[in-house]
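See below for the structure under consideration.
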Amino acid sequence: MTVDIKKAQDVYKDAGESVIFTTLMLKRDDLEASRDAIAEFSDMSNSIINSMRIRDPEAQAHIAWGFGSDAWDYLFPNAPKPKELENFKEIKGPKYTAVSTPGDLFIHIRSKKMAVCYELMDQFMEILRPITTVEDETHGFRYMEGRSIVGFIDGTENPAGIESMDYTLIDEEQDSEFVNGSYAFAQKYIHNMDAWKKLKTEDQEKAIGRHKFSDRELTDEEKLPNAHNVVSKDEEGGVEHKIVRMNVPFSDPAKDVTGTYFIGYSKDFAITNRMLTNMFTKSDRLLDFSTPITGNLFFIPSKTTLEKIADGDY
């Protein structure tokens, strides 16, 4: 089986104007009912998505959803398992920790319209609500000029367009059973915006490693040794490896709660994990202002795998 973007879920760069991230836990009180609901959802989700795209094509809805390791073991104990699907192991650095938190099912919806995000999630949950509880639901938005909430252009180094499938879609050599699937790592951060805003612009730039207005990269001499765009890279074997990443702002401004929801899609979770290890063991300067409160790994099945789940083949 060859890599084919038409058989994959939406695991490419498209942060959307409006976003809903949802992490669910299985109730685990009736395995047969859970398997039936997941089979129905695997069968119906694509139809629901296609219907919404017909109803409102300008909304540009994009969706990806998948399974955590424990959920896969519970639902499909006799089926093959994606080779890298496991519970995320927390990463302890000298100052900060990338925490590991629970998650059985993960849904990432983005669109130009929150009404479309709502409609899709509402229909999805009609199927999933009887067998799940909500671990986390986060509503994100596109900030000014597509910037992250800390004010810098987001995703400059991301693979663009069809090129992204080279970095996100599992191929035959990696895992022949799960070609066109992907791994998603989700992490929710809360920011100390008061402290960040007190930094001078040039100090913010040194922390990120880029000019704030123009987005041009600073020279190595201008950056801090632990600047974000220095320590968040993976250069294993002397080669820079990439993933498709999105940093989505969210906020309850009256409550003074503001953060970033990070989602990273890759065909090889080891790359993402090395990036995270670099960030936390080298004390990424951005972590002085950003605290991770969740962290979990999910497998995003291809449409072919979803058909097998729907047919009961797993």
Side-chain angles (χ1 to χ4, degrees), residues 12-16 91 93-98 140-161 163-164 166-168 185-251 258-266 268 270-292 295:
Y12 46 83
K13 169 69 175 176
D14 188 318
I91 301 168
K95 294 174 68 177
Y96 305 111
T97 298
F141 57 90
R142 182 183 186 273
Y143 193 46
M144 305 294 187
E145 301 177 303
R147 295 176 183 268
S148 65
I149 201 66
V150 296
F152 286 77
I153 299 293
D154 181 50
T156 302
E157 301 296 330
N158 254 338
E163 176 192 3
S164 65
D166 294 333
Y167 299 91
T168 58
F185 179 72
Q187 198 175 33
K188 186 174 179 179
Y189 288 85
I190 299 295
H191 300 311
N192 184 342
M193 294 300 293
D194 288 341
W196 177 254
K197 290 175 182 177
K198 288 177 182 177
L199 287 184
K200 295 178 180 179
T201 297
E202 53 265 37
D203 290 329
Q204 291 183 356
E205 291 175 339
K206 290 176 183 178
I208 298 297
R210 308 189 77 87
H211 288 283
K212 192 170 186 178
F213 178 73
S214 68
D215 193 42
R216 286 185 295 107
E217 189 167 1
L218 271 62
T219 65
D220 291 343
E221 293 73 23
E222 292 174 310
K223 301 175 185 178
L224 292 175
N226 61 338
H228 179 64
N229 73 349
V230 173
V231 299
S232 64
K233 288 182 178 179
D234 171 39
E235 296 181 324
E236 181 81 2
V239 177
E240 183 179 354
H241 303 279
K242 295 187 177 183
I243 65 173
V244 170
R245 62 179 85 196
M246 291 169 249
N247 292 292
V248 179
F250 66 89
S251 185
T258 294
T260 294
Y261 202 108
F262 168 78
I263 177 73
Y265 290 110
S266 65
D268 183 355
I271 295 172
T272 311
N273 204 44
R274 287 195 296 266
M275 291 176 172
L276 292 163
T277 300
N278 287 340
M279 286 175 59
F280 283 84
T281 60
K282 297 178 181 178
S283 300
D284 187 332
R285 172 63 169 147
L286 195 54
L287 293 175
D288 290 336
F289 308 91
S290 308
T291 302

With a 4.5 Å heavy-atom cut-off, do [X] and [Y] have their side chains touching?
X    : Y    : result
S266 : Y167 : no
D288 : K95  : yes
M279 : H228 : yes
S232 : R245 : yes

Rounded distance (nearest 0.5 Å) linking atom [atom1] of [X] with atom [atom2] of [Y]:
X    : Y    : atom1 : atom2 : result
R210 : E205 : CZ    : CD    : 11.0 Å
N192 : T291 : CG    : OG1   : 8.0 Å
L287 : Y96  : CG    : OH    : 7.0 Å
S290 : M193 : OG    : CE    : 9.0 Å
I149 : N247 : CD1   : CG    : 11.5 Å
E236 : M275 : CD    : CE    : 11.5 Å

Heavy atoms only: give me the nearest [X]-[Y] pair and the separation to one decimal.
X    : Y    : result
G140 : F250 : CA-CB, 4.3 Å
T277 : T281 : O-OG1, 2.5 Å
K233 : E217 : NZ-OE2, 4.3 Å
N226 : V231 : CA-CG1, 3.7 Å
L224 : V230 : O-CG2, 4.3 Å
S283 : P94  : OG-CG, 3.5 Å

Hits for ring-ring contact (aromatic ring centres under 6.0 Å, His included) against F289, two or more places apart or cross-chain, chain-then-number order -> W196
Q | F262 backbone acceptor or donor facing Q187 side chain under 3.5 Å | A | no
Any donor-acceptor pair under 3.5 Å from R147 side chain to K212 backbone: yes
Sorted by chain and number, sequence neighbours left out, side chain to side chain donor-acceptor pair (under 3.5 Å) with S251 holds for T258
Mind running side-chain contact (heavy atoms from CB on, under 4.5 Å) on I243 and F185 for me, showing each step along the way? CA-CA 11 Å; I243 65 173; F185 179 72; over 6 Å; no
Step-by-step side-chain contact (heavy atoms from CB on, under 4.5 Å) determination, N273 to I91
CA-CA 9 Å; N273 204 44; I91 301 168; 3.8 Å; yes
Exercise for the section: Look at the rings of Y189 and H191 and say which category their plane angle falls in: under 30° parallel, 30 to 60° tilted, over 60° perpendicular. Expected result: parallel
